[in-house]
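A short worksheet on the structure shown next.
For ligands, and for the atoms within them, numbers begin at 1 and follow the listed sequence. Since the model is a prediction, treat every value here as computed from it, not as a measurement. Each residue takes its place number in the sequence, starting with 1. In what follows, every heavy atom counts, from backbone to side chain, and hydrogens, waters and symmetry copies are set aside.
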Amino acid sequence: MAYQAPVDDIMHALKTAAGLDGLIERGILGVDEDTIRAVIEEAGKFGAEVLDPLSVVGDRTGSKLVDGKVVTPPGWKEAYQQFAQGGWGGLQAPEEWGGQNLPNLLSTAAGEIWNSANLAFGLCPLLTFGAIDAIELQGSEHLKKTYLPKMVSGEWTGTMNLTEPHAGSDLGALTTRAVKQADGTYRIFGTKIFITYGDHEMTDNIIHLVLARLPDAPPGTRGISLFLVPKYLVNTDGSIGARNDVTCASLEHKLGIHASPTAVMKYGEKNGAVGYLVGEENRGLNVMFIMMNAARLAVGMQGVAVAERATQHALAYAKERRQGRSLSAKSGSMSPIIEHADIRRNLMTMKALTQAARAICLVTAMETDVSRRAKDIAERAAATHRVALLTPIAKAFSTDIGCEVASIGVQIHGGMGFIEETGAAQHYRDARILPIYEGTNGIQAIDLVTRKLPLEGGKVVETYIGELKGVVDEVRASNRPEFGRMGERLGEAVAALAEASRWMGGALQKNPEAALAGAAPYLRLFGLAAGGVYLAKGALAAARNGSGASHGQPIAIARFFAENLATAAPGLKDTVVGGADSTLGLAPEALSA
Ligand SMILES: Cc1cc2nc3c(=O)[nH]c(=O)nc-3n(C[C@H](O)[C@H](O)[C@H](O)COP(=O)(O)OP(=O)(O)OC[C@H]3O[C@@H](n4cnc5c(N)ncnc54)[C@H](O)[C@@H]3O)c2cc1C
């Protein structure tokens, strides 16, 4: 089933949830709506025509290590070259380095499309964008001049090297070593695992960003530095020089995203890999967080992407497949399964969760733009806090629903969903990594509760919840029969979020373990309340703009979300505030008895 970019849905979310018109009017984005739509449409064409046809072949062939070289699936290299030639690699990068300086909001929306069309391909630019961001914000002028133009043009790709066999979620445990040289460079020694696109032949060079520890570094996360380590050294005239001491030792066999090479990387097996410090010594994790925050939002968007793709797939199947007779069917013939109430509920769930997660991610992207582009310092600071608050929700809520929606997609296909031919199974397999990498969703929930809720003494979350309440009041005041009980249900969801947030604030002080036990359900509750409110904003706008099918769907989806999905919020609140004792009731020894 061919992919079609949901341009209208993306524009609707940008305009209603992310407030596109206001941002354009205030000159924050530097582009108009027509340009934004045109770029999204072009990204849609590229996704549908170039990336989508390679998705299944990529899954079946996978990337392989042959005679020490990583071979990507047939068509991959050509598609990557087309991607680079189309200028897609520099969408949001500064003009100074050859980019187009377009807003994050736009590259986030385009990212959904590439990942929907081909998740395993989309990962490569996703990581390169993050590396560009980190070098741009913290690299020396020399590093910027040497590496950014080629990375922005897509001639070279970027990677992110954090994970080691004994250091995954706990990066403080990493042991890769960096030794300073007399010429100011460093030599890197160590093994990194699970490195996405760690090696390939699609481009002439690969720029690795590697976390390592200096000999005299303090222990834990305060002793980590970040280094730029190119696969090939770069001569002073910019040409490719000698091979650096970095090799791909092996590729992992995985559940999904088979075409994305996941590499074990060896640094310094001979004299040490030449590395260049990015930012300051021992402050590497701070720089890496720049890259990780951008990547976390982008991975959240991968969740939206796979959910959208699975929904399109299931919808097409449900229209074709005939089984049983629906209660509303007149004749005795079998009905398309889309007519059955349970299938319609499943399809509505898929659409509603996808659109809610898309809205959360696009709002986070919009706040990123405000944090970087607004003139007013206070506005930039507030947006920076908002990005910090929303990033773990964008990442974890969206990737969780990516898995759930892909699973419902398999269910709608019945037995054929379990058979690889239909493609529904690939979405399900591909989706499963998303809640794990870029910081597991458990770690995102801990981040939300322990670092984000206390921001500005709790004011950041309080102001945000106040804004959600404001939208609920508008829904209630609108008094529209077609909204059903949307206002009431969302009111309950936002009240549940407010109560759970207050409880979290107290628990963090008095009983931190109880707070951690409730962190994941709290994040889910947050996503449901925020997503429901963003869909309601879309419904309010649709209601203001008139009637007809294009206006009816946002209202129907928002109402469904409020009446069928946001209803879980009060239960989640009970879990957060009252579930810790039973969660922690069995001690680890008893649990494993
Ligand atoms: C396909 C793939 C691609 C990847 N790409 C990259 C990449 O490009 N670069 C890179 O550096 N890494 C990459 N990774 C690594 C990935 O980011 C890690 O797997 C992830 O961060 C989790 O680390 P871990 O696997 O060591 O799990 P662990 O840290 O061992 O976690 C195991 C479980 O314990 C939980 N847990 C751990 N600590 C805590 C805690 N303090 N409190 C509560 N729960 C906890 C986790 O949530 C998880 O459920 C990739 C992994 C895969 C599989």
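Partner Tyr267 forms a side-chain hydrogen bond (donor to acceptor under 3.5 Å, both in side chains) with one of Thr191, Asp245, Asn161 and no other, that one being Asn161.
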Show me, pair by pair, the donor-acceptor contacts under 3.5 angstrom made by side chains of residues 76-83, not counting sequence neighbours?
| unit_1 | atom_1 | unit_2 | atom_2 | d |
| --- | --- | --- | --- | --- |
| Trp76 | NE1 | Tyr197 | OH | 3.1 |
| Lys77 | NZ | Glu201 | O | 3.3 |
| Tyr80 | OH | Gly154 | O | 3.1 |

Donor-acceptor pairs under 3.5 Å, side chain of residues 385-403 to any protein atom, not counting sequence neighbours: which ones?
| unit_1 | atom_1 | unit_2 | atom_2 | d |
| --- | --- | --- | --- | --- |
| Arg386 | NH1 | Glu467 | OE1 | 3.1 |
| Arg386 | NH2 | Glu467 | OE1 | 3.4 |
| Arg386 | NH2 | Glu467 | OE2 | 2.9 |
| Thr391 | OG1 | Val387 | O | 2.6 |
| Lys395 | NZ | Leu434 | O | 2.9 |
| Lys395 | NZ | Tyr437 | O | 2.9 |
| Lys395 | NZ | Gly439 | O | 3.0 |
| Lys395 | NZ | Asn441 | OD1 | 2.9 |
| Ser398 | OG | Ala394 | O | 2.7 |
| Thr399 | OG1 | Lys395 | O | 2.7 |
| Thr399 | OG1 | Ala396 | O | 3.3 |
| Thr399 | OG1 | Asn441 | OD1 | 3.4 |
| Thr399 | OG1 | Asn441 | ND2 | 2.9 |
| Asp400 | OD1 | Asn441 | ND2 | 2.9 |

N/O donor-acceptor pairs under 3.5 Å from side chains in residues 507-520, not counting sequence neighbours:
| unit_1 | atom_1 | unit_2 | atom_2 | d |
| --- | --- | --- | --- | --- |
| Asn511 | OD1 | Ala514 | N | 3.4 |

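Within 6.0 Å of CG in Asp581 there are 12 or fewer heavy atoms belonging to other residues, nucleotides or ligands.
For the residue pair Ile132 and Ala93, the shortest heavy atom distance occurs at CG2-CB, 4.5 Å.
Residues with a heavy atom under 4.0 Å from ligand 1: Met160, Asn161, Leu162, Thr163, Gly168, Ser169, Phe194, Ile195, Thr196, Lys254, Thr262, Ile433, Ile436, Tyr437, Glu438, Thr440, Ile443, Ile446.
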